[in-house]
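Report on the following structure.
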Amino acid sequence: MVVLITAIAPEAAAAVSALSLKKAVSKGTFTLYENEDDALRLLVTGAGKLNAAIAVTEYLSLYSFSDTDIFCNLGICGTNAALPKGLGFLCVSIDDPASGKTIYPEVYGHPFREAFLSTFDTPVTAQADPVAPDSCETLPRLFDMEAYGVAAALFRQIPPSHCFFYKVISDFCDGSFPSAEETTLLLQPHISALLAFLRDFLQEKEASFSGQNTRLSPLAKEAAENLLGLYPFSASMKHRFMQLLTYAGLSGIEPEELLSSYVDAVKPHKCGAISYGTKKQALALLRELERFLLNPADSRDIDAFRTKKKHLRPFRHIYVERDVLEHPVTKRILERFSDASVIPVTHYKNIFNRSRQNLFMQETEPAFILAANRGNLFYPGAPVCQSFGEEYFMYTSCIMNCIYDCDYCYLQGMYPSGNIVVFVNLEDYFTELDSLLSKHPVYLCCSYDSDLTALNGLFPHAEEFCRYAAKHPRLRLELRTKCAALPFIKKLPPAKNIVLAFTLSPQELITRYEHFTPSLNARLTAAKEAAKRGFSLRLCFDPLLDVPNAEHLYTTMIEQTFFVLTPEEITDISIGVFRLSKDYLKQLRKAKPSCALSFYPYELTGGVFHYPAERCAGLLNTVQTALRRHNVPDEKIFIWTPDESGKGDYHA
C-alpha cells in the first residue's frame, strides 16, 4: 500500500485527477481517497503541523497497515534560495525550529533532488533564512507548515525508510502565495515520476520481506502442518521445529519423506477416532529431523543455493556532528565526497541508534556518519576473541560497521544500523594510548568492529595506527582484514610489531556469504606481499562454517594457501568455528531472514550459540590435519573451542 499525505484540498486535487482516486467513507476527521485496485490511498490532513499530526495519528489508529506500507507527504513549499518555481525535492531532514528538534528520513536509490525542510507554524515571509545554516550545508532549505507534524506522527510506528517527504517550490518567502488552481498545476507534473519511484520501492521491500519463506515443497509444508496437530509440541518445541524447517528450506534440503513418515506413524483407531503421538515421539522427531538436516544423504553443491549478487551503491549521504565540522579529517572526507549530501546532526546516535532502521537497504547503500568518540576509547579484549597469550589484550573502535557485507558477521547483531560511523578524533586515541604504554605493553586489536584496511582509501585510520605502532615498540598492533590492498601494504613502514591478519575462506563461501570482499587469490597475494615486506603475518581460518562439502572446501583452501605461502612466512594461524551470542543471533535472523546460517540448529551454552561439539571437532580437525600436512608446527596454530561457559578459548 502507498499512502500519499497532503495538507490542503488543492494539493490533493493534483493526485486525485492524475490517479483517478475516489473519496472513501472516512472513519476519522480527515478526508480519505483511495484506489483499491492499485493499493493506493490519499490522506488530506488540513493545514498546519498540529492538524497534520492529529490526522496521521488518527489514520494509523483506525486503518490497518503492514510492515511494507509506504507513506509520502506531498505538498508545496517556500524557499529563499535562487531556485525556479515548480522544482521538486525529496527532503533528507525535517526540523521544527519551535522545538529545536529534527527528524531524519532514510532515503535510498531515488532520482530526485534533495533539500532540507523546516516546518513553521505560520507562512515564512522573511527574506533572510529564518534557520541559521551550518557551515557545510550545500543543499537548499525549504519551508512548509505540515511536514514535521506528519513525520512526528509517522515515525512513532513506521520505519523512517518507509516515509518520504516530497516538496515542490511554490513561493519565495515574499508574501506572494499561489492560488488553489496554481497549486494543483505545480504538483501535477511530479505525480507520475514520484508514484513510479514509490511503487518500485514498495516492490523491493515486499521482496525482501518474503525472504523468510521456507521454500519447502507443498507436500512437505502439508506434512509439517499435520505434524503440529498430531504431536504434543510445547511452545519451545514448536519454535525449534519451525526453525529446523526454515533452515531446511533455505539450505535446499527437502524433508518431505521424513515428515510424511511421522504423519503415517500415527494411525487412527478402528472406530475412526484420531490418534495422537506422544511427547516422547515428538522429541524423537526433532532429533531425527536435526540429524537429517546436518547429515544429508545427497552431496549438495553450494553453488545451487547462491543468492543474487549484490551491488554496492556510491555513498550519497554523509551525516556530520556539528562539533566536528571544522575538524581536519572531516574536511578531507567531505572534499573526497563533494557530490554527497552533507547533513549536520547534533549527535551521531540520533542517526545510528534510532529504531526501526532499514538494514536491507543500508547494507547496499550505507551512509557515513562523522563524529567524535567522547566515551571510552580502549576496552579489554572480548572472551570470544583470541588473545594469543598476550597479558594486556585490548581493542578499540575508531570506526563502527564495515564496508563489506558478510552474512554471518556479528556486527549485524551488535549494531542497530548498517551505516558506518567514523570517529575523526584520532588524536585523542593516540593521547590515551601514550598513557597506557607508559604503564605497560599493549596488544591492541583496532579492526574488530570494522575492516580498517578496506576503508583506508577513504579514511586514514588504518595507516595512522600503523605509523604510530612503528614508532612504539611496546605496542603490538593487530590489523585484521579481508582486504587485498597491495598499495596500502607497500606504503607502510614495515614493522614486526604490526600483525597483518588475513581472514581466509574457501572461494565458494566468499561468493555466497562474504559480499563485496576480494577473492581468496587476491587475499593470498596481499598476504604474500605483507610477509615479503617484513610484517608479522597471521592467517585466520575463522569462522569455519558447517556447510555442504565443508571438508572438501576447507581442505582445498589450505592447498591453495600453501601454493602461495610457505610455513616460514607465517607468524601464526588462528582457527575457530562460528559462534555468536544469543542476542546477536536474534538480531542477525532479522537482518538476514533469507540466509540459512541464521537458522542453523545451534547449541546454546552460557549465552553463546555454537555448533554441536562433534561438528566443531570435525571442522577443526579437518583444517588442523591439512595444516600439518604442510608442516605447520603446532605451536603456530591457535584453536578456538567452546568450553563449559560457551565462550571458549584459543589454545596452541
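No hydrogens, no waters, no symmetry mates; every other heavy atom, side chains included, goes into these values. Computed from a predicted structure; not experimentally measured.
If you check the side chains of D434 and Y429, you find no donor sitting under 3.5 Å from an acceptor. For the residue pair E508/H552, the side-chain donor-acceptor check at 3.5 Å is not satisfied. Residues E478 and S447 bring no donor and acceptor atom of their side chains to less than 3.5 Å of each other. Under 3.5 Å, the side chains of Y408 and E514 contain a donor-acceptor pair of N or O atoms. Between the side chains of H317 and E106, no donor-acceptor pair is found at a separation under 3.5 Å. No side-chain N or O of R538 forms a donor-acceptor pair with one of S574 less than 3.5 Å apart. Side-chain atoms of E559 and T555 form no donor-acceptor pair, as typed in the model, at a separation below 3.5 Å. Looking at Q357 and Q362, their side chains do bring a donor and an acceptor atom within 3.5 Å of each other. Side chains of R141 and S118: a donor on one and an acceptor on the other come within 3.5 Å. For the residue pair T517/R523, the side-chain donor-acceptor check at 3.5 Å is satisfied. D96 and S99 are linked by a side-chain donor-acceptor pair at a separation below 3.5 angstrom, with hydrogens and angles left out of the test.
Pairing each heavy atom of L588 with each of D407, the nearest pair is CD1-O, 3.4 Å. Listed here is the closest heavy atom pair of M414 and D449: CE-OD1, 3.6 Å. Of all heavy-atom pairs spanning T453 and F488, the tightest one is CG2-CD2, 3.6 Å. For the residue pair R628 and D634, the shortest heavy atom distance occurs at NE-OD1, 3.1 Å. Residues Y415 and N401 approach most closely at CD1-OD1, 3.3 Å, considering heavy atoms. Listed here is the closest heavy atom pair of I558 and H630: CG2-CD2, 3.9 Å.
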| request: I would like to know whether E569 and K532 meet salt bridge (charged side-chain N to carboxylate O under 4.0 Å, His left out); could you show each step before the answer? | output: CA-CA 8 Å; E569 293 174 308; K532 177 182 175 182; over 6 Å; no

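Ion pairing between E568 and K636 fails under the 4.0 Å rule for side-chain N and carboxylate O.
Aromatic ring centroids of F609 and F578 lie 6.0 Å or more apart. Checked against the 6.0 Å centroid criterion, the rings of Y600 and Y247 qualify as a close aromatic pair. Residues Y319 and Y348 keep their aromatic ring centres 6.0 Å or farther apart. In summary, the aromatic rings of F465 and H461 are positioned with their centroids too far apart to meet the 6.0 Å limit.
Note: Y395 and Y448 have tilted aromatic rings, judged against thresholds of 30 and 60 degrees for the angle between ring planes. F393 and Y443 have tilted rings, their planes meeting at an angle from 30° to 60° on a 0 to 90° scale.
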